[in-house]
Protein chains: 2
Amino acid sequence: MAGRQKIYDEDAALNAAIDVFWQQGYEKASSRDLQKAMGIGFSSFYLAYKGGKQELFAKSMQRFFTLYPQPFLNLLKTIDNPVEAIRQYYYVMTEPNGKFSQFGCYFSNTIFQADENEFKDAAAKNLGRIADAFYDALLRAKDAGTINPSIPTELWKTYLLNLWTGLNTTKSIEKDQSILRATIDFSLKVFE
Amino acid sequence: MAGRQKIYDEDAALNAAIDVFWQQGYEKASSRDLQKAMGIGFSSFYLAYKGGKQELFAKSMQRFFTLYPQPFLNLLKTIDNPVEAIRQYYYVMTEPNGKFSQFGCYFSNTIFQADENEFKDAAAKNLGRIADAFYDALLRAKDAGTINPSIPTELWKTYLLNLWTGLNTTKSIEKDQSILRATIDFSLKVFE
DNA sequence: CCTAAATTGTATCAATTGATACATAATTAT
DNA sequence: ATAATTATGTATCAATTGATACAATTTAGG
């Protein structure tokens, strides 16, 4: 393995790219924006990501899932009261200074903003994985008698997805944090 | 008033522009795409819309409201059972071959896709106008004893907005029309 | 008819886009 | 040391963007 050493940190660069895509979306994030944020030039960019912006975005979305939803989904497996945990997860969309309320949901944004159907499908699949994990945790709580849902089992995933994806837009219309949280609370009551 | 006569129909051209913006969003709809759909050239385009794409979009969004939500909001004022009417309105998002399910909600899309905050705010305001009309109709029905809502009055608008804006994304994840409709039905039960 | 006003068609502009070419620099194996 | 290999910096490409210039065309009023 001869050759010059990398002058930049690959992980740090990818994390920087995630934030650029998160803020601007796939189409609006230009390759120059990305390179600037990643602290690298054209040559290093296309050497590391031969597929260019497309390849970078695919890896970026993959790591986003690993960084943000995945730890929570793992936690959810060990928790007795999933409704309360899910509520806190949804609350992050209402925190005025958080990345989620400012940039929105990475996956929902992608479904809206990306041209390539490949990315839309991948984003939808990631949201589906989250809904699946929510479903599993709630089903365990129901079987254990911790919760007594009044909503039919077959609607759980879509109902929870719709609450989350809705918040992603609604937060731009309704700025009052307490109203948003009250709407989350009310919507989640059907699981208690 | 001397001068050459317009060779194209202004209303038809604006309607064509609406569909282009609806399908592609403000940023992705290029001025050439718009001109082609409108059946006019550069000169006529910038003569009719001196503000260019921005002015055309502003007028397009205005007319969209007049063409689609407005007639329904007028109808809502004359109706005894607003919940059933609102349900049907929400159902359009689940019709596989309809413009709404294919292109999504014009206003929600704009909030996600437009760069200019001016357009995001205008889109949010339009959604607010719809929510206001829903609120008024439901309040009348409650006062008349037609419905017996179990959701606090102060959450009505946000709850209804969230259901609608959520569907705009959720329909891309959950393709089963019957599940989508069942979710709408279940969510609207709190007003009955 | 003729002139001023309004509309249209074509060519073109500067800026930005994603991406590549190519020379230079640094590192390791032989 | 020298060759092979990897990384970097700069210049540049073709395509597309929103927008303008300008001449040609059509129409109404005098």
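Every chain is numbered from 1 and lettered A, B, ... according to where its sequence line falls, protein lines coming before strand lines.
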Is the phosphate of D:dT8 approached by A:Ser44 (side-chain N or O, under 4.0 Å from OP1 or OP2)? yes
Answer yes if the ring centres of B:Tyr68 and B:Trp22 are under 6.0 angstrom apart, and no otherwise. yes
Roughly, in whole Å, what's the span from CG in B:Leu47 to P in D:dA21? 14 Å
A:Tyr8 atom OH is separated from D:dT6 atom P, nearest whole Å, by 14 Å
Going by salt bridge (Lys or Arg N to Asp or Glu O under 4.0 Å), name the residues that satisfy it together with [X], two or more places apart in sequence or in a different chain.
X	answer
B:Glu55	B:Lys59
A:Lys99	A:Asp19
A:Glu192	A:Arg87

Ignoring hydrogens and angles, write down the donor-acceptor pairs under 3.5 Å from the side chains of residues 127-142 of chain B, residues two or more places apart or on other chains.
residue  : atom : partner  : partner atom : Å
B:Arg129 : NH1  : B:Asn126 : OD1          : 3.3
B:Asp132 : OD1  : B:Lys157 : NZ           : 2.8

Assign a letter to each nucleotide of nucleotides 17-27 of chain C from its 5' end: B, base within under 4.0 Å of a protein heavy atom; S, sugar-phosphate only; -, no contact. BBBBB---BBB
What does A:Ile40 touch in the nucleic acid at a heavy-atom separation under 4.0 angstrom: a base, only the sugar-phosphate, or nothing?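 If one applies the 4.0 Å heavy-atom cut-off, A:Ile40 turns out to touch nothing in the nucleic acid.
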The criterion is side chain to side chain contact (heavy atoms under 4.5 Å, CB included); which residues satisfy it with A:Asp11, sequence neighbours excluded?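 A:Asp11: side chain to side chain contact (heavy atoms under 4.5 Å, CB included) contacts with A:Asp9, A:Arg63.
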